[in-house]
Amino acid sequence: MSTAPKKASGSQREPVTIPGIAEMKRAGEKVVMVTAYDYPSAQIAEEAGVDVVLVGDTAAMVVLGYDATTPVGMDEMLMMAAAVRRGLEKPLLIGDMPFGSYEVSNEDAIRNAQRFVKEAGVDAVKLERGGPSVDRARAIIRAGIPVMGHVGLTPQTASQLGGFKAQGRTGEAAATLAEEALALQSIGCFAIVFEAIPSAVTEALVPRLEVPVIGIGAGPATDGQVLVLHDLLGVYEGHRPKFVKRYAEVRKEMLKGIRGYADDVRSGRFPDEEKHTYSIPQEELEEFARYLDDESLAAHTPWDW
Ligand code: KIV
């Protein structure tokens with residue numbers, strides 16, 4: 001947890017911690033998690049009282065305009081996570097390890113997780129998949145950084161999974177999912193994301209797991225839910241998965257605002273002389289006019305300056 005001084009938000013609630021998330025599961029209190037990628041959206045998540053903020057690698061798609069999550073790199077993720085940190089006080093902040101930042105070796109995984117902590121001030125990191133990622137998660141946890149797991153639809157390896165589609169839809173696939181989740185729990189992950197998994201599979205697994213399960217397209221039986229901010233607010237116009245619920249139409253509002261501005265500029269309604277401009281005392285303006293009339297000034301050509 002960063003010890004840097006925080007801005008007063010006026011909120012009385014305690015900072016959300018990893019033991020606090022575990023306690024919420026025990027108490028049957030749902031964990032609310034959203035993604036954020038910049039300072040203003042972090043401030044809004046703070047003010048809305050969410051529990052956990054993830055700087056997700058979905059940024060590759062919803063912020064950077066790629067058609068997959070794989071192109072985003074550590075430096076871009078760190079820049080976004082540091083901006084989110086500056087806007088956040090109480091929620092737990094998690095940095096999403098991008099594709100290529102942890103698969104090659106435990107050393108790589110630890111080094112990049114440490115960069116998230118040192119350069120962006122995150123409280124924890126998330127990485128995708130069971131299997132080979134279990135070792136990486138263990139190494140990061142042993143290095144002192146909390147890890148959130150992620151199973152089911154893991155977008156970084158979507159092509160291996162046959163695309164962006166639901167996982168665990170056969171008995172065998174559901175059993176593999178269960179094994180992955182249990183392995184991630186056994187090496188010390190503090191929570192696990194379940195993405196695009198049949199509700200009935202989630203319902204069967206959640207009571208068998210001690211760590212909180214945060215769902216996205218995994219039904220209502222999870223200990224909490226996560227949605228991508230740009231999906232839930234209606235900013236992103238790309239592919240909208242079945243599990244997304246829209247709570248606002250922000251893109252439409254943005255379009256309305258920019259069109260209104262463009263109309264006003266073109267018609268001369270903006271800026272308004274009274275409301276949006278600065279004044280200068282009459283005598284100062286006269287002095288400036290004398291300066292402009294000065295012959296030596298008139299003699300200057302632009303390249304003399
Ligand atoms: O990158 C992301 O936004 C995520 C969430 C969808 C869980 O991994």
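Numbers here are sequence positions counted from 1. Any value given below was found using the heavy atoms of this structure, including those in side chains, with hydrogens, waters and symmetry copies removed. Each ligand, and each atom within it, is numbered from 1 in the order the structure gives.
Salt bridge R115/D75: present, at least one basic N to carboxylate O contact under 4.0 Å. A salt bridge does not link D293 to R290: none of the charged nitrogens lies less than 4.0 Å from a carboxylate oxygen. Contact check on R13 versus D51 returns a salt bridge, with a Lys/Arg side-chain nitrogen under 4.0 Å from an Asp/Glu carboxylate oxygen.
Under the ring pair (Phe, Tyr, Trp, His ring centres under 6.0 Å) criterion, Y37 pairs with H230, sequence neighbours left out.
Screening L229, V62, V228 for a side-chain contact (heavy atoms from CB on, under 4.5 Å) with Y236, the sole residue that qualifies is V62.
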Ligand 1 polar-atom proximity to protein (N/O, under 3.5 Å):
unit_1: ligand 1; atom_1: 1 (O); unit_2: D57; atom_2: N; d: 3.1
unit_1: ligand 1; atom_1: 1 (O); unit_2: D57; atom_2: OD1; d: 2.9
unit_1: ligand 1; atom_1: 1 (O); unit_2: T58; atom_2: N; d: 3.1
unit_1: ligand 1; atom_1: 1 (O); unit_2: T58; atom_2: OG1; d: 3.3
unit_1: ligand 1; atom_1: 1 (O); unit_2: D96; atom_2: OD2; d: 3.0
unit_1: ligand 1; atom_1: 3 (O); unit_2: T58; atom_2: OG1; d: 2.5
unit_1: ligand 1; atom_1: 8 (O); unit_2: K126; atom_2: NZ; d: 3.0

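The aromatic rings of Y261 and F270 stand perpendicular to each other, their planes meeting at an angle above 60°, with 30° marking the opposite boundary.
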